[in-house]
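Beneath this line is the structure, given in structure tokens, with notes to follow.
Chain naming here is simple, since letters A, B, ... match the order of the sequence lines and numbering starts at 1 in each.
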There are 2 protein chains.
Amino acid sequence: MPKSPATKARSKRAGSQLTPGAIIDASLRIAARGSEDAFTVRRLGEELGADPTAIYRHFRDKDELLLSVADHMLGEALDAIPDGLDWKARLRALADASLAVALKYPVVGSAMASRTTRRSNEFRVVELILGAVLEAGLEGSEAAVHYRMIGDTLLAYVGQQAAFLLFDADARAADNSAWNREYRLVDPQRFPHITGLSGELAEVTDEQIFDATVEALISTVEKRAAAHRGV
Amino acid sequence: MPKSPATKARSKRAGSQLTPGAIIDASLRIAARGSEDAFTVRRLGEELGADPTAIYRHFRDKDELLLSVADHMLGEALDAIPDGLDWKARLRALADASLAVALKYPVVGSAMASRTTRRSNEFRVVELILGAVLEAGLEGSEAAVHYRMIGDTLLAYVGQQAAFLLFDADARAADNSAWNREYRLVDPQRFPHITGLSGELAEVTDEQIFDATVEALISTVEKRAAAHRGV
DNA sequence: ACCTGAACACCGTTCAAGT
DNA sequence: ACCTGAACACCGTTCAAGT
């Protein structure tokens, strides 16, 4: 496809037709390769067939590029959420889609865990969460605080999972097997609870943890809304 | 104090008495300077009065050093938790102490958000959380899953806050003022909830968000324990 | 107006050489 | 047995030079 006649005009001078969109697309392709391909300015230049420093004509620095890529990812997550869901199902769908997109592009997912893109798709996410907590029955500053609780917790958790994917295979394996190694060998006198639950601890899955966290956020909103109605 | 006669023997050859403990202490001093002092191998050599590469005689690589420093931080957090608290107060104290220590040494706090130190103080934290959820009334795999929910969520949240502290002042200011800038200028037709709550959103504090998150974790454990007793 | 490429000021880590 | 210091293979970014 890159060699078809239709694209000839765009490449008459190799790599000289850079646009912000083309740079973001190339960034997403590199990010999707996870830890196998470092997301560097030089690698990005290669992917674009241009000089590594050409991107500085379109983005102030790498951070601004990352924010734009992250906002693109939020858009991808939002587009995966179907219409017509009630507030709980909307929050669950947002959580699942956010995790999926962060694991798909882990370099960006982890780098953006403590940032705000302040771009259009982030506005859509905020509007979605606010709509959910308002539908649940929260109002005013209580709605605002609980939106932040949900947004920050989701972002942090999802970024944490993405960052873990970026460690080299050895470090990941060591962390994953810790429950079956270091935690099995712990002194039963000093750590009776760890010893007593070592089997159950080794069997907990990432899905169980994520589900429990999301349900904790949802049921907290529900509980606050019920308390509010009771007043 | 470093110049007292008692310490003379230790410094007859400048910087030649490195120990893992001295390297960890120097790391903590650098980390405590936050974004003002980069936590690099070269900077660490300076702080120790030794060649930058001397630390490789005591730690396999920088990651192993970071894990040791992080475990030291967990010890500092644990030592700040008083005895005799009930399970809810213990979890609240752990959350507060973890946040405090991560904000005190933000470089390490943010780098370790998705890691497991597998060292002694981490065992103590696990034992504390497991003890709390067991005291609340959870058992077996339910205790294990809820321990992971609390541990992972706290670590992720606290790491996110620490990472935010590391951005340069400009980026931090831009993120903090977003609620008073970008979010105020949003299209009221497309984003009615953001528009309606813009005042409340700008006033939410980090403390409110952290408290709401910790209470969400605690009340989820309480709710599950009550459901369990009901069976 | 945009792209190039040399250059700068950094990183973490290795390894032969010292003591 | 431990420390040194040159060296390597990287980073992001700047800036004068090209077109």
Requested in this report: Assign each of A/A38 and A/D51 to its nearest nucleotide of DNA chain D by heavy atoms, then name whichever residue's nucleotide is nearer the 5' end.
Outcome: A/A38
Report summary line: When A/R57 and A/T40 are each assigned the nearest nucleotide of DNA chain D, the 5'-most assignment goes to A/T40
Query raised in the report: So B/Y157 and B/F210, would you call those rings parallel, tilted or perpendicular, with 30° and 60° as cut-offs?
Result: tilted
Check this for me, if you would: do [X] and [Y] make a salt bridge, where the nitrogen-to-carboxylate-oxygen distance has to be below 4.0 angstrom?
X: A/D79; Y: A/R124; answer: yes
X: A/D71; Y: A/R118; answer: no
X: B/R57; Y: B/D51; answer: no

From [atom1] of [X] over to [atom2] of [N], roughly how many Å is that when rounded to an integer?
X: A/L48; N: C/dC2; atom1: CG; atom2: P; result: 16 Å
X: A/R60; N: D/dC15; atom1: CZ; atom2: P; result: 15 Å
X: B/R42; N: C/dC10; atom1: CZ; atom2: C1'; result: 8 Å
X: B/F39; N: C/dG12; atom1: CZ; atom2: C1'; result: 12 Å
X: A/R43; N: D/dG12; atom1: CZ; atom2: P; result: 13 Å
X: B/Y56; N: C/dG12; atom1: OH; atom2: P; result: 7 Å
X: B/I55; N: D/dG5; atom1: CD1; atom2: P; result: 16 Å
X: A/D37; N: D/dC10; atom1: CG; atom2: P; result: 13 Å

**Report entry** Base partner of C/dC2, which must satisfy Watson-Crick or wobble distances under 3.5 Å
**Finding:** D/dG18
Query raised in the report: Considering every strand shown, what is the Watson-Crick or G-U wobble mate of D/dC11 when both distances are under 3.5 Å?
Result: none
Query raised in the report: What about A/T53: does its side chain form a donor-acceptor pair under 3.5 Å with the base of D/dG12?
Result: no
